[in-house]
Amino acid sequence: MSVISEFQSFIAKGNVMDLAVGVIIGGAFGGIVKSLTDDIIMPVVGAVLGGFDFSNYFFPLSSTVNAPTLAAARAQGAVFAYGSFITVVINFLILAWIIFLMVKGVNFLRAQVEHQEKTGEAPPAPPPADVRLLTEIRDLLAKKAA
């Protein structure tokens with residue numbers, strides 16, 4: 001078998017195509033998370049914590065650095081940009097949380113499908129929101145009385 005035919009066989013596998021789609025969507029999703037963090041979350045965090053912006057927090061590593069902004073400081077010399085790092089960590093945590101919720105949702109749907117396939121019937125529908133709320137109130141009252 002030639003290298004080209006092996007490569008074609010490798011590319012034709014479904015998992016490789018799924019991975020490629022996932023990487024492309026992940027890249028686009030990364031831009032959304034970056035915008036969410038930079039444009040929405042970090043300004044709110046900065047306002048709550050006294051109006052500062054994490055992106056311009058840095059320590060100069062050279063005596064020649066005296067600029068007030070990170071971009072200008074980087075042009076002057078070496079800086080320890082811990083504010084940018086904090087922003088990237090928050091980006092990561094948001095992305096990890098969203099992926100966790102997506103995986104949790106997919107696992108829930110898979111469990112429903114498996115249950116339906118095994119039993120031949122759909123799982124029972126959850127009770128309406130008002131019934132769930134009344135049940136929670138009942139349980140809380142019972143717990144308080146005990």
Side-chain angles (χ1 to χ4, degrees), residues 6-144 146:
E6 283 183 59
F7 181 69
Q8 286 175 339
S9 173
F10 173 75
I11 292 297
K13 291 183 181 176
N15 292 341
V16 173
M17 295 307 288
D18 292 344
L19 178 62
V21 169
V23 167
I24 292 168
I25 290 176
F29 191 68
I32 292 170
V33 171
K34 180 171 175 26
S35 176
L36 174 69
T37 304
D38 293 346
D39 302 331
I40 296 173
I41 293 174
M42 294 310 286
V44 171
V45 170
V48 168
L49 298 177
F52 58 84
D53 179 14
F54 283 117
S55 64
N56 283 317
Y57 275 46
F58 62 92
F59 290 123
L61 298 176
S62 170
S63 60
T64 62
V65 176
N66 58 6
T69 64
L70 179 61
R74 283 185 171 156
Q76 291 178 345
V79 294
F80 183 75
Y82 67 92
S84 295
F85 178 74
I86 291 171
T87 302
V88 170
V89 168
I90 291 173
N91 278 345
F92 169 76
L93 292 174
I94 291 170
L95 185 59
W97 178 252
I98 291 170
I99 290 172
F100 166 74
L101 293 177
M102 289 171 44
V103 168
K104 185 176 172 132
V106 167
N107 288 341
F108 176 76
L109 291 175
R110 283 185 182 164
Q112 281 187 329
V113 168
E114 287 175 9
H115 174 75
Q116 191 173 16
E117 287 174 352
K118 287 180 183 175
T119 62
E121 62 187 46
D130 57 345
V131 173
R132 277 186 278 144
L133 181 61
L134 289 171
T135 303
E136 288 176 20
I137 293 170
R138 180 201 65 204
D139 293 346
L140 287 172
L141 289 172
K143 190 184 291 185
K144 224 175 197 180

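- Side-chain N or O atoms of Ser35 include none that pairs as donor or acceptor with a backbone N or O of Gly31 at under 3.5 Å.
- Across every non-hydrogen atom of Pro127 and Arg132, the tightest pair is O-NE, 3.1 Å.
- Note that NZ of Lys143 and CD of Glu136 are 10.5 Å apart. Values are rounded to the nearest 0.5 Å.
- For the pair Gln76 and Asn66, the tightest heavy-atom approach, listed with the atom from each and the gap, is OE1-N, 2.8 Å.
- Nearest heavy atoms, Leu70 versus Asn56: N-OD1, 3.0 Å.
- Side-chain contact between Leu109 and Gln112: present, with at least one pair of heavy atoms (C-beta onward) separated by less than 4.5 Å.
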- Item | From CA spacing to verdict: side chain to side chain contact (heavy atoms under 4.5 Å, CB included), Ser62, Val65 | CA-CA 6 Å; Ser62 170; Val65 176; 4.1 Å; yes
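- Aromatic rings from Phe58 and Tyr82 are positioned such that their centres are separated by 6.0 Å or more.
- Closest of all the heavy-atom pairs between Ala67 and Ala73 is CB-N, 3.5 Å.
- Put simply, CD1 on Ile98 and CZ on Phe29 are 4.0 Å apart, with the number rounded to the nearest 0.5 Å.
- Within the model, atoms OG1 of Thr69 and CZ of Arg74 stand 10.5 Å from one another, a figure rounded to the nearest 0.5 Å.
- Here the straight-line distance linking atom CZ of Arg138 with atom CG of Leu133 works out to 12.0 Å at 0.5 Å rounding.
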